[in-house]
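Note that the structure is predicted; figures quoted are calculated from it, not measured. In each ligand, atom 1 is the first atom listed, and ligand 1 is the first ligand listed. Residue numbers run from 1 in the order of the sequence given.
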Amino acid sequence: MAKIKIDPDRKVGELDRRVFGGFIEHLGRCIYGGLFDEDSPLSDDRGFRKDVLEAARNLRMPILRWPGGNFVSGYHWTDGIGPREERPRRTELAWFSEESNRFGTHEYIDYCRTLGVEPYICVNMGTGTMDEAQGWVEYCNGTSDTYWANLRRANGREEPFGVKSWGLGNEMYGDWQIGTLTAEEYVKKAREFAKVMRRTDPSIELVGCGLSGVSGWDRVVVDGLAPFVDYHSVHIYTGSDDHWSNVLAPHAADRALRTVGGMIERARYEQGIEHPIHVAYDEWNVWFRERDETGGLEERYTLSDALAVATYLNVFARHCETVKIANLAQMVNVIAPIFTNKEDMFLQTIYHPLRLCAEHMQEVVLDAFVDCEKHDLVAEASTWPHRVANMGPFDVLDVSATRDAPGRDLTLVVVNRDPDNPIETTVQLTDAAFDGAATAYEVTGDGPEATNDFGKERVGVTGRSVSAAGSSLEHTFPACSVTVLRAAMSG
Ligand code: AHR
Ligand code: AHR
C-alpha cells in the first residue's frame with residue numbers, strides 16, 4: 001500500500017499560472033495551416049482556425065511565446081507589418097522553407113487577444129540588430145510621437161500593444177542557430193540589447209537566454225546578465241522509446257531547476273542584486289521521434305508521453321519558487337497537443353493532462369510526502385540528451401499537491417508510471433479532513449504505446465467519484481495513468 005500525506009499548512013510557495021504557457025513558431029504547420037489558415041472554411045474572417053482556437057482555449061494558457069524558436073534568429077519583424085499583399089516572401093533559413101510574412105506582429109497580437117493570453121516576444125539576436133529590437137519594443141509599446149509608434153498607428157492601431165515579456169534571443173549557444181555565439185559574446189551583446197530595449201520601455205521584463213540549466217553556458221549567462229534580466233530561460237526536451245526512460249526523463253527538469261536556482265541565488269548574493277530573477281522554462285515537451293529538421297516535427301504522442309508531460313507539470317509545481325513561466329513547445333501540429341488536417345483536428349494524448357492540470361491545479365503548492373515503490377533507471381542509452389539515471393531511484397508515483405488560498409479545495413496530480421501495475425494508495429491529511437466525495441479525473445488507456453488519431457480518441461479523460469471520510473481516502477491509481485484528484489477539505 002502506497003501512502004501520500006498532505007499537510008495543508010506545509011506550503012512550498014505560490015504557483016504562477018504562467019507555467020501553463022504555450023509557444024507558437026513559424027515552423028512547419030504550426031502557424032500556417034495550423035492555427036492560421038486564410039483559405040479554410042474552418043477559419044474566421046481573420047484566418048484563425050476556430051476549432052483550434054476552441055481547443056487552445058481549454059488549455060487556459062496565460063502566455064504565448066512567439067515567433068520562435070530557431071526561426072526568430074533570421075526574422076526581420078518589419079517584414080510582417082503593413083498591407084499583407086505588400087509583405088515580402090523570404091527564404092527561411094532555420095527550417096529550410098519560405099516565409100510569406102502574412103502572419104506578423106498585428107496578427108499575433110490579435111491572436112493573443114482572441115485567446116486571452118499575454119504576448120511574449122523573443123527578439124532576433126542572430127541576423128537582427130539592436131536597432132531592430134529597439135524598434136520592435138517601440139512599435140509595440142510606444143506612446144510618444146516617434147517613428148515606430150507612429151508606424152503602428154498608421155497600420156491601424158492607435159493604442160499600444162503593451163507587450164511586457166521580451167526574450168533576448170533564442171538558443172544562441174547552438175550551432176544550429178543563425179548567429180551562434182559563445183557565452184561571453186552573448187552576454188556582451190545581450191547587455192546592449194537589454195539596455196536599448198529597457199530604455200525604450202522601462203516597464204518590460206527581459207528573459208536572458210539559458211541552456212539546460214546545468215551547463216557552463218548557464219553559469220556565464222546568469223552571472224553576466226543578472227543585473228539586466230528578470231528571467232533566465234531553460235530549454236530541455238526529453239523522450240525515449242523505452243517507457244521508463246521516457247517517463248522518468250522529465251526529472252532532468254528537477255535537476256535543472258535546482259541547479260539554475262542555485263546559480264541565480266549565488267549571482268544575486270555576490271552582486272548584491274535586489275530584483276528577483278526567476279526561470280522562464282520557455283521550451284519543454286517530449287520530443288525525440290521527429291528530430292529531422294525538414295520533417296515538420298509532427299510528433300505523434302503516446303500515453304507514455306502524456307505521463308511524461310504530467311510529470312513535467314508536477315516538477316514545475318514543486319519548483320514554483322524558481323520557475324514562474326513555462327511554455328509548452330508547441331501548440332499546433334509541431335510537437336503539439338492539437339493536431340489538424342484540412343478538414344478536422346484531434347487532441348493528442350498529451351492534451352489531456354495539460355488541460356486537466358491547467359484547469360485543476362491551484363494557487364498554493366504543498367509539500368506532499370510520498371511513500372511508494374521505487375524504480376531505478378539503469379539503461380537509458382536512448383534518453384537523449386539529458387541523463388537522469390544517477391538521480392534515482394525514483395518514486396513510481398509522481399505527485400504534486402496544490403490548494404486554494406482559503407484551504408478548502410485540494411488538487412493532487414498523481415502519475416503512476418508503472419506500465420503494468422495499479423497502485424493502491426492511502427491519501428492522508430494532517431490537521432484537516434475531507435469534506436464529502438472527491439472526484440478523480442483519469443487519463444489512461446491501453447498501454448504506454450496508445451495514441452490518438454482523427455476520429456479515434458483512445459486516450460481521453462474519465463471522471464469518477466471517490467469516497468472520502470474523515471482525514472483519509474483510499475484510491476487505486478491505474479497502471480500507466482495520470483490522475484487529477486480534486487477534493488473539498490474542512491479545516
Ligand atoms: O521547438 C522546436 C525548436 O526547438 C525551436 O525552434 C528551438 O528553439 C529548439 O531547438
Ligand atoms: O534541438 C537541439 C536541442 O534540443 C536544444 O538545445 C534543446 O532545446 C533541445 O533539447
Notebook entry, point to check: Hey, is E192 close enough to K195 for a salt bridge, meaning N to O under 4.0 Å?
Noted result: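 Salt bridge present between E192 and K195.
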Margin query: With a heavy-atom distance limit of 4.0 Å, tell me whether F71 approaches ligand 1 through its side chain, its backbone, both, or neither.
Written below: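 It is neither part, as no heavy atom is under 4.0 Å.
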Note to self: Checking contacts here: is it the side chain or the backbone of W284 that comes within 4.0 Å of ligand 1, counting heavy atoms only? Could be both or neither.
What the structure shows: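 None of W284 does.
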Notebook entry, point to check: Hey, looking at atom 4 (O) of ligand 1, which of E283, Q330, R65 has the closest heavy atom?
Noted result: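 Considering heavy atoms of E283, Q330, R65, the nearest to atom 4 (O) of ligand 1 sits in E283.
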Checklist line | Selected option - heavy-atom contact closest to atom 6 (O) of ligand 1, from E25, H26, H235 | finding: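 Considering heavy atoms of E25, H26, H235, the nearest to atom 6 (O) of ligand 1 sits in E25.
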Next item on the list: Check S400 against N314 and note the closest heavy-atom contact, atom names and distance.
Entry: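 Answer, listing the atom of S400 first, then N314: OG-OD1, 2.7 Å.
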Margin query: Between ligand 1 and W95, is the shortest N or O to N or O distance under 3.5 Å?
Written below: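 Looking only at distances, the answer is no, because the N/O contact criterion of under 3.5 Å is not met.
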Note to self: Please verify the inter-ring angle class for F36 with F103; under 30° counts as parallel, over 60° as perpendicular, anything in between as tilted.
What the structure shows: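 The arrangement is perpendicular - the two ring planes meet at more than 60°.
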Next item on the list: Would you mind running through ligand 1 and noting each atom that sits below 4.0 Å from a heavy atom of I335?
Entry: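 So the atoms of ligand 1 that pass are 1 (O).
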Note to self: Looking at L206, is its backbone amide N or carbonyl O close enough to the side chain of D230 to form a donor-acceptor pair, meaning the two atoms are under 3.5 Å apart?
What the structure shows: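 Such a contact is found between D230 side chain and L206 backbone.
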Next item on the list: Would you please indicate if the ring centroids of W217 and Y186 are separated by under 6.0 Å?
Entry: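 Ring centres of Y186 and W217 closer than 6.0 Å.
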